[in-house]
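A short write-up of the structure that comes next.
All heavy atoms count here, side chains included; hydrogens, waters and symmetry mates do not. Each chain gets a letter, A, B and so on, in the order its sequence line appears, and its residues count up from 1.
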Amino acid sequence: MPNPRVRIAPSPTGPLHIGTARTALFNYLFARRHGGTFILRLEDTDVARSTVAFEADILEGLHWLGLEWDEGPDAAGGDDRGPYGPYRQMQRLERYAAAASDLLARDLAYPCYCTPDELEADRRAQEEARQPPRYVGRCANLTPAARAAREAEGRAGALRFRVPPDRIRFEDLVRGEVEIDTANLGGDFVIVRADGTPLYHFTVVVDDAAMDISHVIRGEDHLSNTPKHILLFEALGHAVPQFGHLPLILNPDRTKMSKRKSQTALSDYRAQGFVPEAIVNFLALLGWSTGTEEEILSLDELAARFDLDHVQKGGAVFDRERLEWLNGQWVRRLEPDELIARLELFLEADFDAGRIDRLPSPEELRALLPIVQERLPTLGAIGDLVGFLWVDDLAVDPELIIPKRWDARTTLEGLEAARDTIEEAIGPVTFEADELEPPLRGLAEARGWKAGDLFMAIRVAVTGRTATPPLFDTLVALGRERTLARLDAAIDLLAREGAAG
RNA sequence: GCCCCCAUCGUCUAGAGGCCCAGGACGCCACCCUUUCAAGGUGGAGAUCAGGGGUUCGAAUCCCCUUGGGGGCACCA
């Protein structure tokens with residue numbers, strides 16, 4: 001396979017979709033595996049819905065995943081690079097116009113003057129007759145005089161491509177031989193709107209031809225459209241590329257993944273603290289496998305193993321739990337400095353939202369890493385995990401302070417004793433975890449308490465929660481002063497509750 | 001409605017005629033570790049390979065039918 005050329009051709013009519021990201025990934029892996037070229041092309045001919053903001057979201061998302069393209073737009077709304085440019089369809093309009101007039105001149109396409117109302121009426125009639133929708137061909141054989149008459153009326157014609165009777169067969173790279181009768185294509189289809197803007201089926205072929213795309217790897221939703229594309233390649237006198245249709249990513253109910261039923265914007269996953277390594281790993285394994293039992297694979301490792309033979313044919317449900325597990329795997333593999341750097345954004349978000357009152361320094365975070373890293377399913381979970389370290393006034397539910405096997409009285413005693421033990425026995429200078437544990441265990445033993453109960457009371461008093469990183473490390477992170485202050489506050493709270501109750 | 005595609009544990013999948021009365025992973029359960037929560041370790045439940053016919057000495061693997069699911073059929077991409 002000499003230097004295959006593949007592309008991802010998203011439309012900036014919405015944020016980067018997780019399914020588009022996966023298609024991009026598969027194309028990228030294919031190109032890297034075979035020493036080919038990965039191209040990004042923006043299909044922005046739907047002017048009404050395309051925006052630069054979406055364009056930016058798409059480029060950023062692909063960059064973030066590490067799917068660097070060899071040719072294509074450099075920046076949202078900016079220039080592009082590569083010998084086949086431009087790579088934005090709205091900048092290639094002359095080429096579509098030229099191709100269209102060529103097809104028109106050779107009578108492979110013709111102007112159609114049907115109004116939306118006429119087409120709608122046709123569709124309704126076909127529906128009532130239980131016929132599949134198709135263009136009836138009203139304008140297929142208009143005489144030059146008839147065309148001139150419509151033009152004179154001021155009617156603008158759309159351009160329709162003549163679909164010849166034929167059976168189109170092609171060898172799909174993942175599905176094998178596929179054959180479709182052109183009679184089932186819905187009749188002659190529009191390739192250029194009445195306003196002169198070209199339509200998807202047309203632009204995609206004109207561009208894939210012009211850019212010498214050798215392998216079209218895309219979602220299965222395009223399988224039925226492939227004959228139209230093949231017809232167009234042939235009409236344009238260009239070699240037909242190879243096609244490979246990937247299985248769809250599905251909602252839990254096994255319908256095509258949609259915004260309505262699933263989270264589909266890549267940026268949302270990013271905002272929640274999924275790391276790109278995990279997303280890439282997860283997406284690659286949705287519909288493809290190495291054929292071995294390897295599961296945790298980096299982008300480079302995936303590229304070294306990728307092949308279309310192991311692509312699954314059936315759709316794959318997006319399993320978020322599995323993504324979270326993979327994310328945890330990758331978070332645990334991050335180098336300390338890297339983790340700290342990536343956590344910053346999420347801490348700032350917590351700070352901006354008022355969930356914490358102070359931002360920890362990188363040094364402070366580094367000290368926390370040993371107890372935090374393996375407890376982060378996502379980066380966004382950091383505040384939930386140890387945010388209590390950075391709040392000024394900790395809200396504690398008095399009910400929660402009392403361990404299950406204890407009553408309020410015992411809890412109050414326990415906390416007071418623990419407070420004194422900590423203050424008297426543990427010096428203000430060192431205050432280290434292995435210096436905290438023995439005296440508190442000793443205290444529990446002396447009073448006949450289960451150490452776990454005492455520790456739980458302290459834990460809740462000082463963090464407000466029943467689930468935290470290991471207690472003594474947590475106390476150290478909190479510091480002697482705040483530990484004592486929070487114990488005092490909890491003692492007061494319990495005393496007041498007791499007096500009130 | 002018409003056309004196309006698909007079908008292995010709940011989910012992602014291994015499996016390309018005998019190694020499979022089906023392996024791994026997520027999730028779930030139990031136990032171990034343990035101050036809670038995680039992580040980790042060990043074990044377990046979980047698939048008559050959608051159903052039915054063939055082909056074959058032998059089928060999850062090949063063929064046909066049925067059923068089920070999905071996708072496509074725009075002057076959207």
Side-chain angles (χ1 to χ4, degrees), chain A residues 9-11 13-14 43-46 48-50 112 114 116 119 123 126-127 129-135 156-160 172 175 178-181 183-187 189-195 197-201 203-204 219-228 245 247-248 250 252-256 282 285-296 309-310 312-326 328 332 371-377 385 403 437 440-441 444 450-456 458-460 463 465-472 474:
Chain A
S11 167
T13 52
E43 310 221 326
D44 54 358
T45 54
D46 185 348
R49 295 192 298 145
S50 295
C112 168
C114 295
L119 295 173
R123 224 183 329 271
Q126 284 157 350
E127 198 170 319
R130 297 180 164 258
Q131 296 292 312
R134 87 189 320 267
Y135 177 60
L159 196 64
R160 275 186 195 273
D172 189 276
R175 276 145 227 280
V178 177
E179 182 180 299
I180 297 177
D181 195 311
N184 297 310
L185 260 32
F189 56 93
V190 175
I191 56 177
V192 180
R193 294 185 180 91
D195 69 4
T197 56
L199 258 9
Y200 169 75
H201 293 306
T203 58
V204 74
E220 194 199 328
D221 44 351
H222 287 295
L223 189 60
S224 302
N225 293 326
T226 302
K228 290 181 183 172
H245 288 92
L248 261 22
L250 274 22
D253 66 2
R254 304 201 73 88
T255 55
K256 179 167 137 182
F282 175 73
L285 263 24
L286 253 198
W288 176 74
S289 69
T290 60
T292 70
E293 283 174 2
E294 299 175 295
E295 306 235 53
I296 313 292
D309 298 338
H310 283 90
Q312 201 80 11
K313 295 191 188 78
V317 173
F318 188 96
D319 182 357
R320 195 188 160 96
E321 306 233 45
R322 191 173 159 80
L323 206 211
E324 284 180 7
W325 169 75
L326 260 176
R332 268 167 242 137
I371 58 170
V372 145
Q373 188 157 16
E374 66 185 20
R375 278 168 244 269
L376 283 177
L385 220 206
E437 184 166 355
L440 287 170
R441 275 195 192 281
K450 293 195 95 147
D453 290 331
L454 177 64
F455 296 168
M456 184 53 87
I458 299 172
R459 169 178 292 111
V460 178
T463 68
R465 1 197 5 155
T466 55
T468 70
L471 181 63
F472 305 106
T474 302

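When heavy atoms are screened at a 4.0 angstrom cut-off, A/R134 is found touching no nucleic acid atom at all. Counting non-hydrogen atoms under 4.0 angstrom, A/R130 reaches the backbone sugars and phosphates but no base. Here A/E324 lies out of heavy-atom contact (under 4.0 Å) with every strand. Using a 4.0 Å heavy-atom cutoff across all strands shown, A/G287 reaches sugar-phosphate atoms only and no base atom. Backbone-only engagement by A/T45 is indicated by non-hydrogen atom pairs under 4.0 Å involving sugar-phosphate atoms exclusively. A/L326 comes within 4.0 angstrom of no nucleic acid atom, judged by non-hydrogen atoms across all strands.
Of the listed nucleotides (B/C73, B/G72, B/C75), B/C75 has the atom at the smallest distance from the side chain of A/A194. Checked against B/C4, B/C6, B/U35, the side chain of A/S224 finds its nearest nucleotide in B/C4. Which of B/C4, B/C2, B/A77 sits closest to the side chain of A/Y200 comes down to B/A77. Residue A/R322 places its side chain closer to B/C26 than to any other of B/A77, B/C26, B/C4. Checking B/C6, B/C3, B/G15 against every side-chain atom of A/N184, the shortest atom distance belongs to B/C3. Here B/U35 is the nucleotide among B/C75, B/G1, B/U35 with the atom lying nearest to any side-chain atom of A/E437.
Nearer the 5' end of RNA chain B, as judged by each residue's closest nucleotide, is the contact made by A/T290, out of A/E295 and A/T290. Checking A/A451 against A/A158, the closest nucleotide of RNA chain B that is more toward the 5' end is the one next to A/A451.
Nucleotides B/C12 and B/C28, compared at atom C1', are 16 Å apart to the nearest Å. Nucleotides B/C21 and B/G46 are separated by 16 Å at their C1' atoms, to the nearest Å. Comparing B/G53 with B/A30, their P atoms are spaced 42 Å from each other, to the whole Å. With both ends at atom P, the span from B/A38 to B/C19 equals 41 Å, rounded to whole Å. Nucleotides B/A16 and B/C62 are separated by 11 Å at their P atoms, to the nearest Å. Nucleotides B/A50 and B/C3 place their P atoms 25 Å apart, quoted to the nearest Å. For the P atoms, the distance linking B/C65 with B/U13 amounts to 27 Å, nearest Å. A gap of 35 Å separates the P atoms of B/G68 and B/A25, to the nearest Å.
Pairing for B/G1 is with B/C73, a Watson-Crick or G-U wobble pair whose two hydrogen-bonding atom distances lie under 3.5 Å.
Distance alone, capped at 3.5 Å, places no donor-acceptor pair between the A/R465 side chain and the A/L385 backbone.
One interatomic measurement links the two molecules: CZ of A/R320 to C1' of B/U11, which rounds to 15 Å at whole-angstrom precision. Whole-Å rounding puts the A/L323 CG to B/G27 P distance at 12 Å. Computed from coordinates, the A/H245 NE2 to B/C6 P distance equals 12 Å when rounded to whole Å. Nucleotide B/C12 holds its C1' atom 10 Å from the CZ atom of A/R254, rounded to whole Å. Rounded to an integer number of Å, the gap from A/D172 CG to B/C3 P is 20 Å. Remark: P of B/A77 and NE2 of A/H222 are 11 Å apart, rounded to the nearest angstrom.
Residues A/H201 and A/N225 share a closest heavy-atom pair of CE1-CG, 3.4 Å.
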| task | Do nucleotides 36-50 of chain B as a string where each nucleotide becomes B, S or -: B if the base has a protein heavy atom under 4.0 Å, S if just the sugar-phosphate does, - if no protein is that close. | result | BBBSS----------
